[in-house]
Amino acid sequence: MTQTVQFNDGASYEVMMGRWSRLAGDLFLDWLAVPEGLRWVDVGCGNGAFTEQLVERTRASHVVAVDPSPGQLAFARTRLPAGAPVEWLEGGAQQLPVADGSCDAATMALVLFFVPDPAAGVAEMVRAVRPGGVVAAYHWDMLNRGFPLADIGAEMVKLGARPPMPPSADASTLEASAALWTGAGLRDVETRSITVQRTFDSFDDYWHSAASSQALRTAAEVLTAEQQATLKANVRLRLQADGGPVTVTARATAVRGVRP
């Protein structure tokens, strides 16, 4: 089962996924190793977690940060100081509000599996960059249990509840991502797997971080109160949470290519 997903609460998204995004984003930018001072388009910028990294890590000369959610953009605008080289625009990944060849680099951070037509989304990034420009992305490997909340989803399935998958989860693997980038006509296509860990103060801290997940909430609706209590207990056991800090591992696919 798939679903169309749009996040509207930037503060809740920060607790659930923004911090994860920054962990993966740091390793992604290390791997990308692009020059400083580029003009970027950040597709599906969400609450601005990765956009902030672009400005801080790459000294971007200009970033066009695009997202369909006004709520996410409102939160994103609070992340960076006045005068930061970021233009926040409302728009979708399949029709970017940027001119042809106007950017040096295009990126998607944790977005590709939400795009209804991933090939169209990649084609738009290619259109947005100049010849020689970089097109890159990172996204959770949804089919191989890379999602940070995969442990909760796995225990839900055991109780008869199946969280809906994002519409393009099939695009999230290394092989599928490489095929999309190659199919878009990009050269020098490379992929890598990025593994990150996040430590929570306690199991309850981790559990709270998942509270704003639309997919998990939807799946939990079929569970009784008793089953929901069992779910929490089973996840606690799965993570070997003993009352202290809890460390969770996630894995993302990274992909990059160059416009001929």
Side-chain angles (χ1 to χ4, degrees), residues 1-27 44-50 67 69 71-72 75-76 79 109-114 138-169 172 194-253:
M1 179 169 50
T2 63
Q3 65 172 176
T4 299
V5 179
Q6 180 168 313
F7 299 97
N8 297 304
D9 185 337
S12 294
Y13 183 84
E14 180 68 11
V15 173
M16 178 183 72
M17 201 56 60
R19 297 170 193 173
W20 279 108
S21 178
R22 290 184 66 88
L23 290 171
D26 274 334
L27 295 178
C45 68
N47 74 352
F50 184 68
D67 199 85
S69 167
Q72 288 275 60
F75 185 92
R79 300 191 79 109
L110 307 183
V111 171
L112 184 67
F113 40 65
F114 291 129
Y138 67 93
H139 31 267
W140 304 124
D141 188 347
M142 300 297 294
L143 298 190
N144 294 302
R145 302 182 56 75
F147 186 52
L149 305 179
D151 290 306
I152 299 177
E155 293 301 330
M156 280 187 160
V157 170
K158 292 178 181 178
L159 292 170
R162 186 172 294 277
M165 295 288 278
S168 299
S172 68
I194 293 174
T195 300
V196 292
Q197 290 186 322
R198 179 177 169 189
T199 298
F200 297 83
D201 291 339
S202 65
F203 175 79
D204 285 341
D205 185 27
Y206 166 73
W207 191 258
H208 172 70
S209 77
S212 61
S213 168
Q214 180 182 337
L216 295 185
R217 286 202 312 270
T218 299
E221 289 175 356
V222 305
L223 300 177
T224 65
E226 182 178 358
Q227 286 176 315
Q228 290 186 29
T230 299
L231 170 66
K232 188 173 182 178
N234 288 349
V235 175
R236 185 190 296 272
L237 184 63
R238 185 186 187 95
L239 294 178
Q240 300 180 348
D242 58 4
V246 174
T247 298
V248 180
T249 300
R251 186 179 60 260
T253 293

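Starting from 1, each residue takes its place in the sequence as its number.
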So do the side chains of [X] and [Y] get within less than 4.5 Å of each other, counting heavy atoms only?
X      : Y      : value
Met142 : Pro166 : yes
Leu239 : Trp207 : no
Phe50  : Asp26  : no
Thr253 : Tyr138 : no
Trp140 : Arg251 : no
Asn234 : Lys158 : no
His139 : Val111 : no

Closest heavy-atom contact between [X] and [Y]?
X      : Y      : answer
Gly46  : Ala76  : O-CB, 3.9 Å
Asp67  : Gly44  : OD1-C, 3.3 Å
Ala215 : Pro164 : O-CD, 3.4 Å
Ser168 : Leu112 : CB-O, 4.0 Å

If I take atom [atom1] from residue [X] and atom [atom2] from residue [Y], how far apart are they, to the nearest 0.5 angstrom?
X      : Y      : atom1 : atom2 : answer
Met156 : Leu223 : CE    : CG    : 6.0 Å
Asp242 : Leu237 : CG    : CG    : 11.5 Å
Gln227 : Leu231 : CD    : CG    : 9.5 Å

*Side-chain donor or acceptor of Gln228 paired with backbone N/O of Ala225 under 3.5 Å*: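 Looks like no, no N/O pair under 3.5 Å.
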_Side-chain donor/acceptor of Ser172 to backbone N/O of Ala169, under 3.5 Å_ =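 Checking the backbone N and O of Ala169 against the side chain of Ser172, a donor-acceptor pair under 3.5 Å is found.
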_Any pair counted as salt bridge (charged side-chain N to carboxylate O under 4.0 Å, His left out), so long as it reaches residues 225-234, sequence neighbours left out_ =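 Qualifying pairs: Asp204-Lys232.
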Partner set under side-chain hydrogen bond (donor to acceptor under 3.5 Å, both in side chains) for [X], not counting sequence neighbours:
X      : answer
Asp151 : Arg238
Thr247 : Thr199
Gln197 : Thr249
Asn144 : Asp141

_side-chain contact (heavy atoms from CB on, under 4.5 Å) between Ile152 and Tyr206, worked out_ = CA-CA 10 Å; Ile152 299 177; Tyr206 166 73; 3.5 Å; yes
State which residues pass side chain to side chain contact (heavy atoms under 4.5 Å, CB included) with [X]; sequence neighbours excluded, sorted by chain then number.
X      : result
Val157 : Arg162, Pro163
Leu27  : Asp30, Ile194, Val196
Ala241 : Phe203, Arg236, Val246

*Apply ring-ring contact (aromatic ring centres under 6.0 Å, His included) to Phe113 and list each qualifying residue two or more places apart in sequence or on a separate chain.*
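Once residues adjacent in sequence are excluded, Phe113 has no partner under the ring-ring contact (aromatic ring centres under 6.0 Å, His included) criterion.
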*Should Val248 and Arg198 be marked as a side-chain contact (heavy atoms from CB on, under 4.5 Å) after you check the CA-CA gap, both sets of side-chain angles, and the distance that decides it?*
CA-CA 5 Å; Val248 180; Arg198 179 177 169 189; 5.5 Å; no
